[in-house]
Every structure is written in C-alpha cells, then in structure tokens.
Amino acid sequence: MSPQTVTAELRRWILSQAAAGCRAEDLLASMKRSGWAEDVARAALAATLADAAVAPAPAGAASVPEPALAGAPGVLRAGDREVHVLATMALPRVVVFGGLLSEQECDELVALAQPRLLRSETVDNSTGGSEVNAARTSDGMFFERGETPLIERIERRIAELVHWPVERGEGLQVLHYRPGAQYKPHHDFFDPAHPGTANILRRGGQRVGTVVIYLNTPAGGGATTFPEVGLEVQPIKGNAVFFSYERPLASTRTLHGGAPVLDGEKWVATKWLREGVFV
Ligand SMILES: O=C(O)CCC(=O)C(=O)O
Ligand SMILES: [Fe+2]
C-alpha cells in the first residue's frame, strides 16, 4: 500500500482534530511535517471534511447560524464585545447589528486590506473558477482565516454572535466601492444547477449565512438592499447585517445587493458561513 493512501485511520484523525477546533491550515502543516506531500494532504483534507459537511448534523445542532434572540435582547455578548440588536426580520432571516466592530477596528481592517485590493472577482459558475464580473464593480481581497490577531478576534466574535464555529467560515473578504460602484442583486449560496458548484462545495459545503460589516459610512447611497421585501440596510461604520439561508433556494428571499454609492466611497467586510468546515 502506498504511504500516501488516505486510510480510515487518517480520516478519523482529520475529523477528530477538526471537531476539536483545529484549523485546516494547522492540520495541513502537521500532515506535511509527518511526510505527506502537500497536494495529497490538501486533497485528503478537502475530501474528508467535505464528506463530513454533508453528513447529517449531530442531534440538537442548528442547521443555520443564528444569534440568541430569545427574550428579544437589545444587546448581545459576542465574546469580547457587546453588540446591539437594531432590527430583525423573519423572512428573509435578517438581523442588523450595531457596533459589531469598533471604529478603530474598521480603520485597521481597511488599512490591512487596501494594499491588497484587486478588481472583485465572482465565482464563475461554469468552471468553479473566478472571473471579473460587471455586476460587481467594487475592488476586493480575501484574508486567510486567522491571518492576523485582529482578524482572529473578529472571526471569534462573529462565531460567538451567530453560534457558528470559526472553522465553518470562509476567510474574511474586504470590498471597496468607489462612487457609482455597486453589487447587483444576487444570492450568496451557490446555484446547485451550475456545473462548477460541485467543485466549490468540496471546500465545506453550501454557504448558509452571510455577515456584511460596514467599515465606513458612505456620504450617500450604498445600502445593502433586499429587493424582494423592500428592505434597505444603511451602511454605518461598525454595524453589520446578518442573513441566513437554510437551503440554496430563492424562497429564502435572501436576494440582496449593494446599492450604488452616490457620494463618497464604501468599504465592507463580508464573512460567508458554510454548512461544514471550510478548507
Ligand atoms: O456591499 C454590500 O452591501 C453587499 C455585499 C454582498 O452582497 C456580498 O459581499 O456578498
Ligand atoms: Fe452578497
């Protein structure tokens, strides 16, 4: 038997480490230290964790991220910070948060992202790759999960706020919209009918939730809109809009977009949440 075969024992080890909260990057590093070729280790991790993502959730586990809103609290403790609940909606499931980030954290995130911006790409559904998309006229970049202490802190805060493990989150994305730029209405989940989707789902299954954090307050325009229900969330520095979608269906009414920025610029950080461990 080749030493690079993914054995049942290795699969069990990967799953137990992931369940204990070990990050995929750390698993990869430790597999490499034990002599695994990087491409084989990555493939083993992706396949094992993707299978786990489609396995039935343990009894009692929530199937979508959701903040603890029983009792209609005005303030929620999210790890190291108190976050305000400004508005909620049942369908689509939307919660607007006040003060998820401090002003200083917003500024630090913009400063970290700015040198790394590229014209935003969206996933090309036919191949699972990326392409520049005219529907999205912002510039953007992705951080690695846990890339800096600031990012790690924000990720932990989001995880505690919406009760979804850090490991099930994609890396934080930062978008920059110039005047006139927008993100036309779209769904964040991957269209199951598209040929590239199967490939995308190997990295942690479907997206089931989104947190868009406003890193500045544009002088005009730039609301996050949910056109099917006429909801517009004003972009205010440090605030965030959360929405979830249990299934990749339009009936979740989570069609949303970034309205054109009319005056000034707009910065957001987006955290997408997957149903399984994102690798
Ligand atoms: O910029 C916004 O308000 C929305 C961003 C968005 O929809 C996304 O990043 O998926
Ligand atoms: Fe979106």
Side-chain angles (χ1 to χ4, degrees), residues 64-65 86-87 89 92-98 100-101 106 109-110 113 116-125 130-143 151 154-155 158 162 169-191 194 197 200 206-245 248-250 252-274 278:
V64 282
L86 301 183
M89 192 171 203
R93 182 51 168 161
V94 175
V95 182
V96 182
F97 295 113
L100 177 57
L101 263 59
C106 292
L109 213 45
V110 168
R116 288 164 53 180
L117 290 175
L118 285 173
R119 176 77 187 269
S120 290
E121 295 181 338
T122 44
V123 171
D124 176 349
N125 280 311
S130 285
E131 62 174 7
V132 172
N133 187 329
R136 181 158 160 186
T137 48
S138 53
D139 300 307
M141 55 76 65
F142 275 96
F143 288 107
I151 287 164
I154 294 170
E155 288 173 333
I158 293 172
V162 300
E170 296 181 28
L172 204 57
Q173 188 195 44
V174 171
L175 293 180
H176 176 218
Y177 301 77
R178 294 191 173 78
Q182 64 177 309
Y183 193 170
K184 291 200 176 139
H186 61 278
H187 294 104
D188 283 352
F189 51 74
F190 304 109
D191 183 345
H194 274 96
T197 294
I200 296 166
Q206 264 293 358
R207 287 178 175 160
V208 290
T210 305
V211 182
V212 177
I213 310 167
Y214 306 107
L215 302 179
N216 78 322
T217 305
T224 304
T225 63
F226 293 79
E228 293 168 316
V229 291
L231 175 64
E232 300 202 348
V233 179
Q234 284 309 124
I236 294 175
K237 188 172 182 176
N239 289 4
V241 58
F242 159 77
F243 49 99
S244 67
Y245 26 98
L249 296 174
T252 57
R253 298 200 198 168
T254 53
L255 186 76
H256 66 283
V261 174
L262 302 177
D263 189 8
E265 53 180 5
K266 174 185 172 190
W267 288 87
V268 298
T270 302
K271 170 64 84 178
W272 286 295
L273 305 169
R274 297 289 189 107
F278 179 75

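The analysis underlying the following values was restricted to heavy atoms, covering all of them including side chains, and did not include hydrogens, waters or symmetry mates. Start at 1 and go down the list; that is how both ligands and their atoms are numbered.
- Classification of the F243-Y245 ring pair by plane angle, with boundaries at 30° and 60°, yields tilted.
- Counting the atoms of ligand 1 from 1 in the order shown, those under 4.0 Å from a heavy atom of T270 are 8 (C), 9 (O).
- The ligand atoms of ligand 1 that sit less than 4.0 angstrom from a heavy atom of D188 are 10 (O).
- No donor-acceptor distance shorter than 3.5 angstrom exists from the side chain of K266 to the backbone of V261, with no hydrogens or angles considered.
- For ligand 1, the atoms lying closer than 4.0 Å to a non-hydrogen atom of T224 are 2 (C), 3 (O).
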task: Show your working on side chain to side chain contact (heavy atoms under 4.5 Å, CB included) between I236 and Y214 and close with a plain yes or no.
output: CA-CA 6 Å; I236 294 175; Y214 306 107; 5.6 Å; no
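- Checked by distance only, ligand 1 and H256 come closer than 3.5 Å through their nitrogen or oxygen atoms.
- Distance check, rounded to the nearest 0.5 Å: CG of L273 to CZ of R207 gives 10.0 Å.
- K184 and H186 make their closest contact through O-ND1, 2.8 Å (heavy atoms, listed as atom of the first residue, atom of the second, distance).
- Using a 4.0 Å cut-off to heavy atoms of L175, the atoms of ligand 1 that qualify are 9 (O).
- Residue contacts to the Fe ion (ligand 2): H187 brings no N, O or S atom closer than 2.8 Å.
- Atoms of ligand 1 lying under 4.0 Å from any heavy atom of W272, numbered from 1 in the order shown and given with element: 8 (C), 9 (O), 10 (O).
- Residue contacts with ligand 1, taken as heavy atom pairs separated by less than 4.0 Å, do not involve T210 at all.
- Partner of L215 under the side-chain contact (heavy atoms from CB on, under 4.5 Å) criterion, chosen from V110, V268, L175: V110.
- Screening D188, T225, T210 for a side-chain hydrogen bond (donor to acceptor under 3.5 Å, both in side chains) involving H256 leaves a single residue, D188.
- At a 3.5 angstrom cut-off on N or O pairs, K266 counts as close to ligand 1.
- Side chain of N216 to backbone of W267: a donor-acceptor contact under 3.5 angstrom is found.
- Rounded to 10°, the angle formed at the Fe ion (ligand 2) by H256 NE2 and H186 NE2 is 90°.
- Of the heavy atoms in V241, none comes closer than 4.0 Å to ligand 1.
- Considering every non-hydrogen atom in both C106 and L101, the closest pair reads SG-CB, 3.9 Å.
- Restricting D188 to its N/O/S atoms, the shortest distance to the Fe ion (ligand 2) is reached by OD1.
- Note: an N/O pair closer than 3.5 Å links Y177 and ligand 1 by distance alone.
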